[in-house]
2 protein chains.
Amino acid sequence: MNIGAVSEKSGLPAKTIRYYEDIGLIRPDRRENGYRDYSMEDVHRLRFLQRSRSLGFSVEECRQLLSLYGDRGRESMEVKAIASGKLQEIERKITELQGLRDTLKHLVANCHGDSRPECPIIDGLSGETSVH
Amino acid sequence: MNIGAVSEKSGLPAKTIRYYEDIGLIRPDRRENGYRDYSMEDVHRLRFLQRSRSLGFSVEECRQLLSLYGDRGRESMEVKAIASGKLQEIERKITELQGLRDTLKHLVANCHGDSRPECPIIDGLSGETSVH
DNA sequence: TTCGCGCTTCCAGTAACTGGAAGGTCAAGC
DNA sequence: GCTTGACCTTCCAGTTACTGGAAGCGCGAA
């Protein structure tokens with residue numbers, strides 16, 4: 001599969017896909033003409049990268065998460081530790097996004113679309129959900 | 001309030017706070033000695049920036065979201081449109097994070113922490129939740 | 001008054017792309 | 001067979017969003 005098709009399937013620009021190869025996140029085959037040749041596994045990894053990057057994980061964190069995906073022979077103890085750590089972070093992100101969503105929902109519901117200026121939910125945006 | 005205290009309260013490094021001032025996201029007062037003097041409103045904005053940046057929104061997107069927070073006199077129609085657009089994106093991110101969480105939970109539950117190599121959830125990580 | 005910590009600006013470096021030039025590949029149409 | 005245009009290649013430069021470090025001022029405590 002050529003890079004264009006993979007770009008479409010993964011939602012990542014071709015430039016980014018080549019960059020991910022440069023930094024060792026994928027290793028596509030090459031054809032005789034020099035073109036990269038991607039497998040479905042590559043597509044899966046790239047889809048995964050697209051998602052987790054857009055959710056605020058760094059490339060190095062994605063590399064860790066990908067190692068859970070790829071290295072089946074790895075020590076399960078280590079896999080479990082990494083996964084558990086990431087799980088907590090993900091739960092936190094979900095909670096924060098839900099807080100943000102509720103605040104915005106409130107905003108949309110209360111600012112009726114006319115020109116009334118008052119929007120009494122303002123403090124919500126500053127994030128009391130994570131103040132505990 | 002000095003930048004050190006604000007850094008602690010917002011979870012952002014002082015360097016980043018100064019950078020956000022450079023690009024016009026906040027405008028703290030100055031004291032006679034040249035020190036920046038932050039208000040609680042500044043702290044709220046910075047907390048908000050910290051959260052939304054870590055959730056994968058770009059600085060420009062954060063600027064838009066902040067404009068919802070700050071510009072009470074703005075046309076409510078426009079506010080409503082921006083907020084509605086962001087809401088959809090947030091809902092999507094929540095769904096994706098939940099998918100990622102469920103997959104990792106499965107991984108943690110099934111890889112018992114010993115050295116059994118098989119982890120049969122592997123395909124989950126590539127993200128069929130967003131394949132629809 | 002001097003030690004140390006916190007503040008200032010400025011400039012350079014890093015992470016993660018992103019755009020563009022210069023050129024090779026390939027299927028389609030004349 | 002040749003050309004056109006879309007797609008591929010590498011390489012190098014630019015952008016975004018910080019991040020680190022140097023050089024220097026402010027200020028409360030010993």
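Proteins get letters first, then strands, A, B, ... in listed order; numbering begins at 1 in each. The analysis underlying the following values was restricted to heavy atoms, covering all of them including side chains, and did not include hydrogens, waters or symmetry mates.
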Whole-Å distance between [N] [atom2] and [X] [atom1]?
X	N	atom1	atom2	result
A:Y19	D:dT10	OH	P	16 Å
B:N33	C:dT9	CG	C1'	15 Å
B:D22	D:dA17	CG	P	13 Å
B:R18	C:dC10	CZ	P	12 Å
B:K15	C:dT14	NZ	P	14 Å
A:L25	C:dA16	CG	C1'	11 Å
A:E32	C:dC26	CD	P	9 Å
B:Y38	C:dG6	OH	C1'	13 Å

Beyond-backbone contact of B:R36 with B:R31, side-chain heavy atoms, under 4.5 angstrom: no

Base, sugar-phosphate, or nothing: which does A:R31 touch, judged by heavy atoms less than 4.0 Å apart? nothing

What is the nucleic acid contact for A:I3, judged by heavy atoms within less than 4.0 Å: base, sugar-phosphate only, or nothing? sugar-phosphate

Go through it in stages, so that I can follow the logic: the residues are A:R53 and A:E61, the test is salt bridge (charged side-chain N to carboxylate O under 4.0 Å, His left out), and I'd like the CA-CA distance, side-chain angles, deciding distance and then a yes or no. CA-CA 9 Å; A:R53 286 291 294 127; A:E61 288 173 320; over 6 Å; no

Would you call A:R101 and A:E96 a salt bridge, taking side-chain N to carboxylate O under 4.0 Å as the test? no

Do the charged groups of A:R27 and A:E21 touch, with an N to O distance under 4.0 Å? no

If you compare every side-chain N and O of B:Y20 against the phosphate oxygens of D:dA17 (OP1, OP2), does one of them come in below 4.0 Å? no

Output yes when at least one side-chain N/O atom of B:T16 is less than 4.0 Å from OP1 or OP2 of D:dA17, else no. no

Heavy-atom nearest nucleotide on DNA chain C for A:Y35 versus B:D37: which residue maps closer to 5'? B:D37

Closest-nucleotide ordering on DNA chain C, the 5'-leading residue of B:R36 and A:V59: B:R36

Trace of the side-chain contact (heavy atoms from CB on, under 4.5 Å) decision for B:I17 with B:Y38: CA-CA 11 Å; B:I17 296 173; B:Y38 295 90; 3.4 Å; yes

Testing D:dT19, C:dC7, D:dA17 for proximity to the side chain of B:S58, the answer is D:dA17

